[in-house]
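For clarity, every value in this text was computed on a predicted model and none was experimentally measured.
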Amino acid sequence: QVQLADSGGGLVQAGASLRLSCAASGRTFSNYDMGWFRQAPGKERDFVAGIMWSGDRTEYADSVKGRFTISRDNAKNMVYLQMNSLKPDDTAVYYCAGAATGWGLGRIKRYAYWGQGTQVTVSS
(Lines give C-alpha, C1' and ligand atoms only; values in the text may rest on other atoms or scores of the structure.)
Protein backbone atom coordinates (compact mmCIF):
# COMPACT_ATOMS: atom_id res chain seq x y z
CA GLN A 1 0.00 0.00 0.00
CA VAL A 2 1.09 3.57 -0.69
CA GLN A 3 0.33 6.47 1.60
CA LEU A 4 0.15 9.90 0.02
CA ALA A 5 0.23 13.32 1.66
CA ASP A 6 -0.38 16.33 -0.55
CA SER A 7 0.33 19.91 0.39
CA GLY A 8 1.08 23.36 -0.99
CA GLY A 9 -2.36 24.77 -1.67
CA GLY A 10 -3.43 28.26 -0.74
CA LEU A 11 -5.24 31.43 -1.69
CA VAL A 12 -3.68 33.38 -4.55
CA GLN A 13 -4.67 36.00 -7.08
CA ALA A 14 -5.22 35.27 -10.74
CA GLY A 15 -1.94 35.07 -12.61
CA ALA A 16 0.03 33.80 -9.63
CA SER A 17 1.86 30.50 -9.26
CA LEU A 18 1.73 27.66 -6.75
CA ARG A 19 3.60 24.41 -6.42
CA LEU A 20 1.81 21.43 -4.96
CA SER A 21 3.79 18.61 -3.41
CA CYS A 22 2.89 15.00 -2.73
CA ALA A 23 4.97 12.87 -0.38
CA ALA A 24 4.67 9.12 -0.76
CA SER A 25 5.51 6.38 1.70
CA GLY A 26 4.97 2.65 1.83
CA ARG A 27 5.58 0.41 -1.15
CA THR A 28 8.18 1.21 -3.77
CA PHE A 29 7.12 4.60 -5.05
CA SER A 30 8.99 4.29 -8.32
CA ASN A 31 6.72 1.40 -9.37
CA TYR A 32 3.67 3.66 -9.50
CA ASP A 33 2.26 6.03 -12.07
CA MET A 34 1.19 9.23 -10.36
CA GLY A 35 -1.48 11.78 -11.10
CA TRP A 36 -3.05 14.99 -9.91
CA PHE A 37 -6.81 15.42 -9.93
CA ARG A 38 -9.05 18.23 -8.79
CA GLN A 39 -12.59 18.62 -7.60
CA ALA A 40 -14.53 21.87 -7.51
CA PRO A 41 -17.68 22.23 -5.36
CA GLY A 42 -20.61 20.41 -6.90
CA LYS A 43 -18.48 18.89 -9.66
CA GLU A 44 -16.87 15.56 -10.35
CA ARG A 45 -13.23 14.87 -9.67
CA ASP A 46 -11.30 15.54 -12.88
CA PHE A 47 -7.89 14.60 -14.20
CA VAL A 48 -5.31 17.38 -14.23
CA ALA A 49 -1.94 15.78 -14.96
CA GLY A 50 -0.22 12.41 -14.84
CA ILE A 51 3.32 11.08 -14.97
CA MET A 52 4.54 7.60 -15.72
CA TRP A 53 6.52 5.67 -13.09
CA SER A 54 9.80 6.41 -14.90
CA GLY A 55 9.01 10.06 -15.53
CA ASP A 56 9.35 9.48 -19.26
CA ARG A 57 5.77 10.29 -20.12
CA THR A 58 3.35 12.95 -18.95
CA GLU A 59 -0.22 13.83 -19.84
CA TYR A 60 -2.27 16.94 -19.13
CA ALA A 61 -5.87 18.02 -19.28
CA ASP A 62 -6.42 20.48 -22.11
CA SER A 63 -7.44 23.16 -19.63
CA VAL A 64 -3.99 23.21 -17.99
CA LYS A 65 -1.64 22.49 -20.89
CA GLY A 66 1.11 25.06 -21.10
CA ARG A 67 0.42 26.33 -17.57
CA PHE A 68 0.92 23.30 -15.30
CA THR A 69 3.87 20.94 -15.10
CA ILE A 70 3.97 17.62 -13.30
CA SER A 71 7.26 16.14 -12.17
CA ARG A 72 8.57 13.50 -9.82
CA ASP A 73 11.67 12.70 -7.84
CA ASN A 74 11.80 8.97 -7.24
CA ALA A 75 14.82 9.29 -4.97
CA LYS A 76 12.80 11.49 -2.63
CA ASN A 77 9.42 9.79 -3.14
CA MET A 78 7.91 13.08 -4.23
CA VAL A 79 5.57 14.29 -6.95
CA TYR A 80 5.06 17.94 -7.76
CA LEU A 81 2.57 20.04 -9.67
CA GLN A 82 3.87 23.44 -10.70
CA MET A 83 0.92 25.68 -11.50
CA ASN A 84 1.52 28.95 -13.32
CA SER A 85 -0.83 31.63 -14.64
CA LEU A 86 -3.55 30.47 -12.30
CA LYS A 87 -7.14 31.32 -13.13
CA PRO A 88 -10.27 31.46 -10.95
CA ASP A 89 -11.49 28.34 -12.80
CA ASP A 90 -8.54 26.46 -11.29
CA THR A 91 -10.13 26.80 -7.84
CA ALA A 92 -10.64 23.30 -6.42
CA VAL A 93 -9.38 20.74 -3.99
CA TYR A 94 -6.35 19.07 -5.58
CA TYR A 95 -5.54 15.44 -4.92
CA CYS A 96 -2.47 13.43 -5.76
CA ALA A 97 -3.05 9.80 -6.60
CA GLY A 98 -1.07 6.65 -7.32
CA ALA A 99 -1.74 3.76 -9.66
CA ALA A 100 0.02 0.52 -10.45
CA THR A 101 1.62 0.68 -13.89
CA GLY A 102 -0.87 0.29 -16.70
CA TRP A 103 -2.60 2.09 -19.51
CA GLY A 104 -3.96 5.63 -19.47
CA LEU A 105 -2.59 8.22 -17.08
CA GLY A 106 -5.92 10.07 -17.18
CA ARG A 107 -8.12 7.13 -16.23
CA ILE A 108 -9.30 7.92 -12.72
CA LYS A 109 -10.44 4.35 -12.05
CA ARG A 110 -6.82 3.18 -12.24
CA TYR A 111 -5.85 5.15 -9.17
CA ALA A 112 -6.15 3.16 -5.96
CA TYR A 113 -4.24 5.48 -3.64
CA TRP A 114 -5.19 9.05 -2.82
CA GLY A 115 -3.91 11.94 -0.78
CA GLN A 116 -6.19 13.89 1.53
CA GLY A 117 -6.41 16.86 -0.81
CA THR A 118 -5.18 20.43 -0.65
CA GLN A 119 -7.33 23.49 -1.34
CA VAL A 120 -6.36 25.88 -4.10
CA THR A 121 -8.35 29.10 -4.33
CA VAL A 122 -7.69 31.65 -7.07
CA SER A 123 -9.30 35.04 -6.73
CA SER A 124 -10.02 37.32 -9.67
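- Under the 6.0 Å distance and 45° angle rule, R45 counts as a cation-pi partner of W114.
- Screening D89, D90, D46 for a salt bridge (charged side-chain N to carboxylate O under 4.0 Å, His left out) involving R38 leaves a single residue, D90.
- Side-chain contact check for L105 versus R107: every heavy-atom pair is 4.5 Å or farther apart.
- For the residue pair T118 and D6, no side-chain donor N or O sits within less than 3.5 Å of a side-chain acceptor on the partner.
- Close placement of the F47 and F37 rings is indicated, their centers lying within 6.0 Å of each other.
- A 4.5 Å side-chain heavy-atom check between M78 and S21 finds at least one atom pair inside the cut-off.
- Here the side chain of R19 pairs no donor or acceptor atom with the backbone of Y80 at under 3.5 angstrom.
- Grouped by direct or indirect side-chain proximity (heavy atoms under 4.5 Å, Ile/Leu/Val/Met/Phe/Trp/Tyr only), L81 sits with V2, L4, V12, L18, L20, F29, Y32, M34, W36, V48, I51, Y60, V64, F68, I70, V79, M83, L86, Y94, Y113, V120, V122.
- Of all non-hydrogen atoms in A14 and S124, the two that sit nearest each other are CB-CA, 4.4 Å.
- With contacts defined as side-chain heavy-atom distances shorter than 4.5 Å, the pair T28/W53 does not qualify.
- Applying the disulfide bond (SG atoms under 2.5 Å apart) test to pairs two or more places apart or on separate chains, those with a residue in residues 3-84 are C22-C96.
- Side-chain N or O atoms of R72 include one that pairs as donor or acceptor with a backbone N or O of M52 at under 3.5 Å.
- A distance of 10.0 Å separates OG in S17 from CZ in R67, rounded to the nearest 0.5 Å.
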